[in-house]
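The shown structure was predicted, so the numbers you read here are calculated from the model rather than taken from an experiment. Each ligand, and each atom within it, is numbered from 1 in the order the structure gives.
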Amino acid sequence: MGRTNSILSDMLIAIDGPAGAGKSTVARALAARLGLTYLDSGAMYRCVALAAIRSGTALDDADALAALARGLEIAPDADRALLDGEDVTEAIREPEVSAAASRVSVHQEVRDAMVERQRALLDSGGYVVEGRDIGTVVSPGAPLKIFLTASPAERARRRAAETDQPLERVRAAQASRDARDRRRQHGALRRAEDSTEIDTTGLAVDQVVDRIVAMARERGLVAR
Ligand code: DC
């Protein structure tokens, strides 16, 4: 399937949802299909977490973390993540960094720093962005908002296959990250009222992408 041109210059598709719902795979494929740029906002929180671990910054010290976050050079490109010029694509996927990312992202001060950067990037338009708070906080005016879900068992199974870790361990880590994502006071994971929920359990990536492209067409966001 080729790229679809004639895209509105301020085109932005926000894809939120819990870990393992298929956000990354779907967002990447969707961006490729529509000729948009993919932005992984989670990679930015992961970069802050990695920098915190490396520098010995306490994960509960909001001010120190925010100062650290503001001083970092983070380039979350489509395929690689660069932190102060170093390729950290693999390093930020380590389980220790996943757990730390979940902890650093609870702080409003850290979120403010990240949201500011994300908005600056998105300002140029033409993005598919994935995260937890894109449709609710980062870009509430996005013309198309999707909330992806999948059953907890399916999400754990996907993550285990992706990371080569035992299913039970993934399931336990997922449950505690989910609880923290949903319960945190700031930028909590919740569905924007004007978003469309898609349950990806049992669906192929292309089926999900087709649905979203159809929605974008219906709304006149891409040429028919
Ligand atoms: O999507 P991910 O698993 O790579 O995200 C890593 C962590 O960052 C996860 O614990 C949730 C958090 N996150 C967030 O709070 N807000 C976002 N927009 C994206 C991710």
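Counting the atoms of ligand 1 from 1 in the order shown, those under 4.0 Å from a heavy atom of S105 are 12 (C), 15 (O). Residue-ligand proximity, G131 to ligand 1, at heavy-atom distances under 4.0 Å covers atoms 18 (N), 19 (C).
In this structure, the protein non-hydrogen atom closest to atom 10 (O) of ligand 1 is S102 CA, 3.2 Å. Summary of contacts: the protein heavy atom closest to atom 1 (O) of ligand 1 is R132 NH1, 2.9 Å. Nearest non-hydrogen protein atom to atom 8 (O) of ligand 1 is Y45 CB, 3.6 Å. Closest to atom 3 (O) of ligand 1, if we only count protein heavy atoms, is R46 NH2, 3.1 Å. Scanning all protein heavy atoms for the shortest distance to atom 7 (C) of ligand 1 gives A101 CB, 3.8 Å. For atom 19 (C) of ligand 1, the nearest protein heavy atom (residue, atom name, distance) is S41 OG, 3.4 Å. Atom 20 (C) of ligand 1 has G42 CA, 3.5 Å as its closest protein atom, hydrogens excluded (heavy atom only). Closest to atom 16 (N) of ligand 1, if we only count protein heavy atoms, is R111 NH2, 3.0 Å.
With respect to F147, the side-chain contact (heavy atoms from CB on, under 4.5 Å) criterion is satisfied by exactly one of T196, I198, T136, L189: L189. Results of the side-chain contact (heavy atoms from CB on, under 4.5 Å) test with L144 over I15, I13, L12, V128 single out I13 as the only residue that passes. When the options R184, Q185, H186 are evaluated for a side-chain contact (heavy atoms from CB on, under 4.5 Å) with Q108, the one that passes is H186.
Only the side chain of R93 comes within 4.0 Å of ligand 1, counting heavy atoms alone; its backbone N, CA, C and O stay farther away. Of all the heavy atoms of M114, none lies under 4.0 Å from any atom of ligand 1, so neither backbone nor side chain is involved. Counting heavy atoms under 4.0 Å from ligand 1, residue D181 touches it through the side chain alone.
In this structure, R33 pairs ionically with D210, as a charged nitrogen and a carboxylate oxygen lie closer than 4.0 Å. Under 4.0 Å is where a charged nitrogen must lie from a carboxylate oxygen, and between R132 and D16 no such pair does. Ion pairing between a basic and an acidic side chain is recognised when a charged N comes within 4.0 Å of a carboxylate O; R80 and E86 show no such pairing.
Using a non-hydrogen distance threshold of 4.0 Å, R184 registers as a contact of ligand 1. Ligand 1 lies nowhere less than 4.0 angstrom from a heavy atom belonging to Q174.
In the candidate list T136, I134, D133, D133 is nearest to atom 18 (N) of ligand 1, counting heavy atoms.
Using modelled atom types, no side-chain atom of T57 and backbone atom of A64 make a donor-acceptor pair closer than 3.5 Å.
Using a 4.5 Å cut-off between side-chain heavy atoms of Ile, Leu, Val, Met, Phe, Trp and Tyr, with links allowed through other members, L36 and M215 fall into the same hydrophobic cluster.
Around CZ of R117, the count of heavy atoms belonging to other residues, nucleotides or ligands within 6.0 Å exceeds 12.
For P152, the side chain to side chain contact (heavy atoms under 4.5 Å, CB included) partners two or more places apart in sequence, or in a different chain, are Q174.
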